[in-house]
Visitor: 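Here it is, the structure, as C-alpha cells.
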Amino acid sequence: MKTKLFYLVFIFCIGVYGQNKQVLYDFAGLPQTLLLNPGLETNYKYHIGVPMLSGFSSEIGSTGFTVSDLFAADNRDITDKVTAVLANISTSDFLSINAKIDVLNIGYRLDDKTYLSGGFYNEVDGIGYLPKDGITLINEGNAAYLNKSFSASQILYKLDYLGVIHAGITRKIDDNLTLGGRFKIYSSSLNVESTNNTGTFTSNLGNNNIYVHYLENIDINFRTSGLIKDNEYINDASTYIGNTFFGGNMGVGLDFGLSYNFSPQLQFSASLLDIGFINHTKNIKNTITKGSFTFEGIAFDYDTNNTNYWQNLNDAFEEQLPTEENQDSYISWRPAKFNAAIKYSFGEKRSKYCYDDTYKDFFTDAFGAQLYSVFRPLSQQFAFTGFYEKSFSNKLHAKLTYTVDDFSYSNIGFGISTQIWKINFYGLVDNITELSDISSANNVSLQFGFNLLFN
C-alpha cells in the first residue's frame, strides 16, 4: 500500500514543474533567437515562421535521480530502489518540464536600424521540488522516525499552461550597440501551485497509547486556476487550448536585451526575459488547511451510549485543523530569466548578402561562454555554457556546447541550421551522450523549426 502511495506522489510531482536554450541562443541569426534576446542583430528584410512549425522545444529533467534508478530491470525490489533514491536526494532536488510551440512568428524590417517582430506561442512550464520528508513518511512510515519533525514546507510546486502574444522591436543605436525590447500579453489556461507552506508532523512515544502524533502550526495552501469550473474538473482538451488566447486569466510581461561589439570580432550580449505576472480571476479554487492537532489514539469506553468515536475524532480534527475553500483571485509571477554571453569570432573572413543590397563580413568560427539563470520558487538556478560555432558556408552553420547546470556537469549539445532557397531549417539537441539510454539521463532537450527568410 505504501509503495502505491509513493507512485501516486511520484507521478503527481512529474505532472507538475527547463528552459535554458543554450544551443539556440545567438545561433546563426535565427529569428527565434530574438525571443531569447530582442537586442541581437538581424540581417534580413523580413521572416515568416511556418505556422505551428517555426519553433518547437521540449525539455524534461530531474535532479538527484533518474528514471532508471527506479524502474531499471535489475531484479531489485522497488522498495529498495525507493529507499536508495531517498538516501541520495535532498529537498532542493526537483522535477521540471518545459514545452513550447510557436503558433505564429513573423518579423519585418522597418528601416535600416529597426526590426519589428511578433507572434503567438503556447508554453507549458512546471517545476516540482521533491518533498523528501513526505515521501519518506509514505514509503517507510513513522515508526523508525520518532521525535523527527516532517516538514510541510517541502510541498512546493508550480505548473503553468499559457498562451503568449508578443511584439518586439530591435533597434541598432550605432555600429556597436543594438538594443531591443518585447511586450507580452499572457493568457493563462491552467495554473496549479502550492508555495510558502509551513508546519510539521511529529510522532513521539505516548503515555496513554504507543504513540502520540503532533500536527503543529500547519498552514498549507493549494491554488488552482482554469482547472475546475462549477465544482467539476475541466476535462475537455479543447477548452484548455482555447483559453490560451484571451481566456480570462490575463497578465503582461516585458523582455529586454542588448548586444555590443567591442570590435568586429568580440561581442557581448545580455537579456532579461519574462518580467511579468498573471492575475488569476476565472475558474479558481483555493484550498487552505490551517491549525494544529494532537492525536494519541482513541480511548474506547465500555458503555451503552453507542458513542461514535470515529465521528468524534473527525469532528475534533476538523475543528482544530480546518480546511476551507474559496475562489479568491490571486497573482502568480512568471519565472524571470537572465542570459549573458561573450563571443569571439575568428577564422576565415567572408561576406554575406544583406537586406540593404550590401555585403556584411563575418568570420567562419567563433567560441565563447554563456551564463543563464532562472528564478524559481525555492531558489535561483544557474547554468554555465562554453560553445564553439562553425559556418561552413553562408547557408550552413553548426554549434557545439558544453553545459554545467543542476542536471549535469557534462551536458554536450549540438545544433545545425541550414537554408535552401528561402527555407531555413534548424535542429538542436541537448545531452547527446545520454541519447542511447534516455532513462539514465537527468535531462533531455529537443528543438527544431522552419522559417522563410527574405533578404
Side-chain angles (χ1 to χ4, degrees), residues 4-5 7-17 95-101 103 120-129 131 134 152 155-165 184-199 215 218-253 274 276-291 293 310-311 314-315 317-335 377:
K4 291 180 180 179
L5 288 172
Y7 284 149
L8 290 175
V9 174
F10 178 76
I11 293 171
F12 174 73
C13 289
I14 289 180
V16 300
Y17 216 164
L95 300 161
S96 67
I97 182 172
N98 182 267
K100 179 179 174 182
I101 182 168
V103 179
F120 173 71
Y121 64 82
N122 281 349
E123 181 176 11
V124 175
D125 184 60
I127 186 167
Y129 291 90
I155 303 173
L156 180 59
Y157 62 84
K158 187 171 187 246
L159 172 69
D160 286 294
Y161 173 47
L162 70 159
V164 182
I165 300 173
K184 295 179 174 180
I185 299 175
Y186 304 120
S187 179
S188 173
S189 176
L190 174 67
N191 171 263
V192 181
E193 62 179 62
S194 182
T195 61
N196 301 318
N197 297 307
T198 60
L215 286 162
I218 300 298
D219 189 352
I220 300 175
N221 70 86
F222 302 96
R223 301 194 296 190
T224 68
S225 167
L227 180 66
I228 298 172
K229 182 178 181 180
D230 299 328
N231 291 320
E232 293 186 0
Y233 286 98
I234 300 173
N235 53 22
D236 183 6
S238 63
T239 300
Y240 290 106
I241 296 173
N243 285 340
T244 62
F245 192 78
F246 293 102
N249 296 309
M250 307 300 295
V252 294
D274 282 316
F277 66 92
I278 297 173
N279 186 22
H280 299 275
T281 60
K282 185 178 180 181
N283 296 335
I284 293 173
K285 183 177 181 180
N286 302 319
T287 304
I288 302 170
T289 300
K290 192 172 184 178
F293 183 72
W310 297 110
Q311 185 62 48
N314 183 71
D315 292 342
F317 183 86
E318 291 182 349
E319 179 182 354
Q320 298 177 45
L321 195 63
T323 296
E324 62 180 56
E325 298 178 351
N326 63 58
Q327 296 179 334
D328 296 344
S329 62
Y330 63 92
I331 289 176
S332 67
W333 293 92
R334 299 293 297 138

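For the single chain, residues carry numbers from 1 onward in sequence order.
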Visitor: Rounded to the nearest 0.5 Å, how far apart are CG of L159 and OG1 of T224?
Guide: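 One finds 11.5 Å between CG of L159 and OG1 of T224.
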
Visitor: Measuring from L156:CG to Y129:OH, what's the distance to the nearest 0.5 Å?
Guide: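 That separation rounds to 6.0 Å.
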
Visitor: Less than 4.5 Å apart, side chain to side chain, heavy atoms only: is that true for T287 and T323?
Guide: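 They are in side-chain contact.
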
Visitor: Minimum heavy-atom separation for N283 and I234, please, with both atom names.
Guide: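 What the structure gives for the nearest pair is ND2-CD1, 4.0 Å.
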
Visitor: At their closest point, which heavy atom of K290 faces which heavy atom of P322, and how far apart are they?
Guide: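 Closest approach of K290 to P322: O-CD, 3.0 Å.
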
Visitor: Between N249 and S189 (side chain of the first, backbone of the second, donor and acceptor by atom type, cut-off under 3.5 Å), is there such a pair?
Guide: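 No; judged by distance alone, with no hydrogens or angles, the pair does not exist.
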
Visitor: Strictly by modelled atom types, are Y330 and N191 linked by a side-chain donor-acceptor pair under 3.5 Å?
Guide: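 Their side chains do contain a donor-acceptor pair, which is all the 3.5 Å distance test asks for.
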
Visitor: What I'd like to find out is whether the side chain of F222 reaches to under 4.5 Å of the side chain of T289, using heavy atoms alone.
Guide: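 No, too far: nothing below the 4.5 Å cut-off.
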
Visitor: Just by distance, do the side chain of N197 and the backbone of I155 share a donor-acceptor pair under 3.5 Å?
Guide: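 Yes: the side chain of N197 pairs with the backbone of I155.
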
Visitor: Would you confirm whether S187, through its side chain, and F246, through its main-chain N or O, come within 3.5 Å as a donor-acceptor pair?
Guide: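 Here the side-chain-to-backbone pair exists.
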
Visitor: Nearest 0.5 Å, what's the CG-CG distance between D160 and D125?
Guide: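 Interatomic distance, D160 CG to D125 CG, rounded to 0.5 Å: 6.5 Å.
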
Visitor: Please find the pair of heavy atoms, one from S225 and one from K282, that lie closest to each other, and give the distance.
Guide: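 Result for this residue pair: OG-O, 3.6 Å.
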
Visitor: When you look at CG of D219, are more than 12 heavy atoms from neighbouring residues, nucleotides or ligands closer to it than 6.0 Å?
Guide: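 Count over threshold, so yes.
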
Visitor: Quick one, K285 and Y233 - any side-chain contact, counting heavy atoms below 4.5 Å?
Guide: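 No. Closest side-chain heavy atoms not under 4.5 Å.
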
Visitor: So for atom CD, which belongs to Q327, do other residues, nucleotides or ligands contribute more than 12 heavy atoms lying within a distance under 6.0 Å?
Guide: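 No, CD of Q327 has 12 or fewer neighbouring heavy atoms, counting only those of other groups under 6.0 Å.
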
Visitor: Within the structure provided, determine whether D274 and K184 are in side-chain contact (heavy-atom separation under 4.5 Å).
Guide: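 They are in side-chain contact.
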
Visitor: Supply the atom-to-atom distance Y186 OH to T244 OG1, rounded to the nearest 0.5 angstrom.
Guide: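 Here the rounded value is 15.0 Å.
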
Visitor: So with a 6.0 Å cut-off around CG of D236, is the heavy-atom count from everything else above 12?
Guide: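 Yes, CG of D236 has more than 12 neighbouring heavy atoms, counting only those of other groups under 6.0 Å.
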
Visitor: For the atom pair CD1 (I284) and CG (L227), what is the distance rounded to the nearest 0.5 Å?
Guide: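 Output value for this atom pair is 12.0 Å.
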
Visitor: Within the 4.5 Å heavy-atom criterion, are F277 and V252 side-chain neighbours or not?
Guide: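 Yes - at least one pair of side-chain heavy atoms lies under 4.5 Å apart.
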
Visitor: Starting at CE of M250, measure out to CG of L162 and round the result to the nearest 0.5 Å.
Guide: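 Between M250 CE and L162 CG, I get 10.0 Å after rounding to 0.5 Å.
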
Visitor: Given side chains that start at C-beta, do those of F293 and I218 come closer than 4.5 Å, heavy atoms only?
Guide: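 No, side chains not in contact.
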
Visitor: Does a donor on one side chain sit under 3.5 Å from an acceptor on the other, for N122 and Y240?
Guide: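 Absent: no donor and acceptor within the cut-off.
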
